[in-house]
Each structure stands twice: as C-alpha cells, then as structure tokens.
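Worksheet: the structure to be examined is printed underneath.
Each ligand, and each atom within it, is numbered from 1 in the order the structure gives. Everything numeric in this text was worked out from a predicted model, so none of it was measured.
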Amino acid sequence: MNIILLGAPGAGKGTQASKIAGKYKLLHISTGDIFRANIKGGTEIGKIAKSYIDAGKLVPDSVTCDIVKDRLTWDDARHGYMLDGFPRNLFQAQELDKFAHIDLCLNIDVEEALLMDRICGRRVCSCGESYHVSTLNGATTCAKCGKELYQRADDNPETVKARLDTYNTQTAPLIDYYKAQGKLAVVKSGEGSPDLVFEQICKVLGH
Ligand code: AP5
Ligand code: MG
C-alpha cells in the first residue's frame, strides 16, 4: 500500500509515520528529512534547499520531484511506502500521478492555533524520533537511542508563520485534489494524544 501523509507543519506527520512504519512495515519517505540530511552533508541539493527551508518556502518543484521519483525506484520502496511532506502543491501531485500509484491520502487535520506551540516545543533526534518539551520532563536525550536531542533550524516563530502560510496557500488545496480522486481519509489530531490519533489511523488502514 502506498500512502500520502498530508497535514500542516506540526500536524504530526512524522510522529504518525513512525508508528505506522512500526505496525504496517511501510517505508517512511520524508522530503523534509531528505533535505535536512543533504544540508548536513553539504551537498549541492542541500545548498539549494537551505535558503528555501530557512524562509519557510517550498524548495523548487524540479529538485523535489526528481528526488522523490528516484527514491521510489529503490528496492526498499517495492513493498509499500508513506510519503511525508510530498506532494506539497498541485504541480507535485500531478507529477506524482505520472510516476507512482497512490492508494490513500491520509489528511491529519489539526486546528491551526495548536501548531505554533507544537512546533516551537518540538525536540528531535537524528534517529528520526520527535518529542515535545512538555512531555520530556527535562530529558535532553532520545528515549529510543540515547542520542542528544536538538531543535530544528526552521522551528522558530518567524519561519513557522511562513511555513503555515505556504501550507494554507499551496498545500491545503490538495485535500480537494485527493477527495476528487476518492482517495482521501481524514483523521483529527486536535486534543487527542499521538496514540489516539494512531488508533484512528489503524481504523482507516484496517487490522
Ligand atoms: P517538513 O520536514 O516536511 O516539515 P513540515 O511539513 O513543516 O512538518 P513538520 O515536520 O514540522 O511537522 P510534522 O507534521 O512532521 O509534525 P511532528 O510529527 O514532528 O518540511 C520542512 C521544509 O522542507 C519545508 O518547509 C520546505 O521548505 C521543505 N520541503 C519539504 N518537503 C517539500 C516538498 N515536497 N516540496 C518543497 N519543499 C519541501 O509533530 C510536531 C510536534 O507536535 C512534535 O513536538 C510532536 O511531539 C507533537 N505532536 C505530534 N502529534 C501530537 C498530538 N496528537 N498531540 C500533541 N502533540 C503532538
Ligand atoms: Mg515532519
């Protein structure tokens, strides 16, 4: 099964992707993670992506679509995957339809008022886990692998405002795009804990 995880910045795409990967054994492909790894590695793609990510804007479609198109040809993508953060505008969705078959678009729906605190309070680990300061009880290391947690460079109020604006103008229209294809499922992530959101996702995915 091939799934898109749609949702605003901070909606919980990465959090749920980690749970879904554990239970359903789907490969997690996050374009944001790919860009951050390229920035850390000092690659050409990283150099292009950095200024856009710092400004809360989308990295150019030509760069992003090529990365995803190539990643889906790897062997590990043959048994099903989750796309987290792609597609992010109508052009990317139309391109994706040309090189992949998508079964389901899971929209994680959250009130915008909750997102600023979620993102600015987020602490992440290089292993992919993500936490919120309110549940860390002062811990500064990852509960899964023990490495030091850190804050993403784009998790500051000014960049978050720009990311939310980009989401509302460019990404939110994809909800209707996948609804029209009969592939949309919506889960609510308001007051519910990550586990409660995951329960809703399991109902959609079955077993
Ligand atoms: P990306 O890395 O995709 O970031 P994003 O979409 O802004 O989403 P986040 O990773 O911030 O949030 P999330 O939904 O994963 O939430 P999480 O689970 O961590 O993209 C970064 C940048 O890369 C973009 O701005 C763009 O520049 C570029 N980019 C990426 N893809 C691109 C593309 N396709 N085209 C062009 N450019 C692209 O959770 C957030 C916090 O909330 C955590 O602290 C978590 O613990 C907490 N939390 C999660 N669920 C719950 C819950 N149910 N209740 C309470 N707290 C919760
Ligand atoms: Mg994420």
Side-chain angles (χ1 to χ4, degrees), residues 4-21 28-39 45-46 48-69 71 82-93 95-96 106-125 128-136 139 142-143 149-156 158-172 174 187-201:
I4 291 166
L5 290 176
L6 193 64
K13 301 181 294 295
T15 303
Q16 295 305 324
S18 161
K19 291 176 182 295
I20 295 169
H28 177 202
I29 300 173
S30 156
T31 39
D33 287 349
I34 293 172
F35 288 135
R36 283 183 288 276
N38 275 277
I39 291 171
I45 286 174
I48 297 170
K50 189 174 182 329
S51 60
Y52 293 96
I53 292 181
D54 287 349
K57 294 183 176 160
L58 296 185
V59 177
D61 290 333
S62 54
V63 177
T64 312
C65 290
D66 281 355
I67 287 175
V68 176
K69 189 174 179 183
R71 186 65 187 84
M82 285 169 278
L83 291 175
D84 162 1
F86 185 91
R88 242 172 157 104
N89 61 24
L90 216 47
F91 179 81
Q92 292 181 8
E95 285 301 298
L96 179 65
L106 208 51
N107 180 31
I108 306 178
D109 184 32
V110 190
E111 275 175 65
E112 189 166 323
L114 296 173
L115 297 176
M116 184 62 83
D117 170 67
R118 276 197 187 186
I119 299 175
C120 294
R122 172 170 49 196
R123 297 295 179 272
V124 293
C125 178
E129 278 303 301
S130 147
Y131 301 87
H132 191 271
V133 280
S134 62
T135 58
L136 278 170
C142 176
L149 300 176
Y150 61 94
Q151 194 166 18
R152 264 170 49 179
D154 59 344
D155 283 356
N156 62 78
E158 196 189 336
T159 310
V160 173
K161 272 190 211 139
R163 285 159 61 192
L164 290 171
D165 188 48
T166 301
Y167 169 79
N168 286 324
T169 53
Q170 300 192 53
T171 311
L174 296 184
V187 292
K188 294 269 177 195
S189 167
E191 302 302 314
S193 69
D195 283 344
L196 288 174
V197 177
F198 186 56
E199 274 178 28
Q200 294 179 57
I201 291 177

(message) What verdict does the side chain to side chain donor-acceptor pair (under 3.5 Å) test give for S189 and R118, after you've listed the backbone C-alpha separation in whole Å, the side-chain angles of each residue and the deciding distance to 0.1 Å?
(response) CA-CA 12 Å; S189 167; R118 276 197 187 186; 3.1 Å; yes
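None of T171, I108, L83, D109 except one satisfies the side chain to side chain contact (heavy atoms under 4.5 Å, CB included) rule with L6; the exception is T171. For the pairing with E158, the side chain to side chain contact (heavy atoms under 4.5 Å, CB included) check across D154, V160, N156 returns one residue only, N156.
Electrostatic pairing of D33 and R152 does not count as a salt bridge here, judged by no charged N lying under 4.0 Å from a carboxylate O.
When every heavy atom of Y52 is checked against every heavy atom of P60, the shortest pair comes out as CE1-CD, 3.5 Å.
For K19, the NZ atom is densely surrounded, since the number of other residues' heavy atoms within 6.0 Å is greater than 12.
For ligand 1, the 4.0 Å heavy-atom shell takes in A8, P9, G10, A11, G12, K13, G14, T15, T31, G32, F35, R36, I53, K57, L58, V59, T64, G85, F86, R88, Q92, R118, R122, S130, Y131, H132, R152, D154, R163, S189, G192, S193, P194, V197, ordered by chain and residue number.
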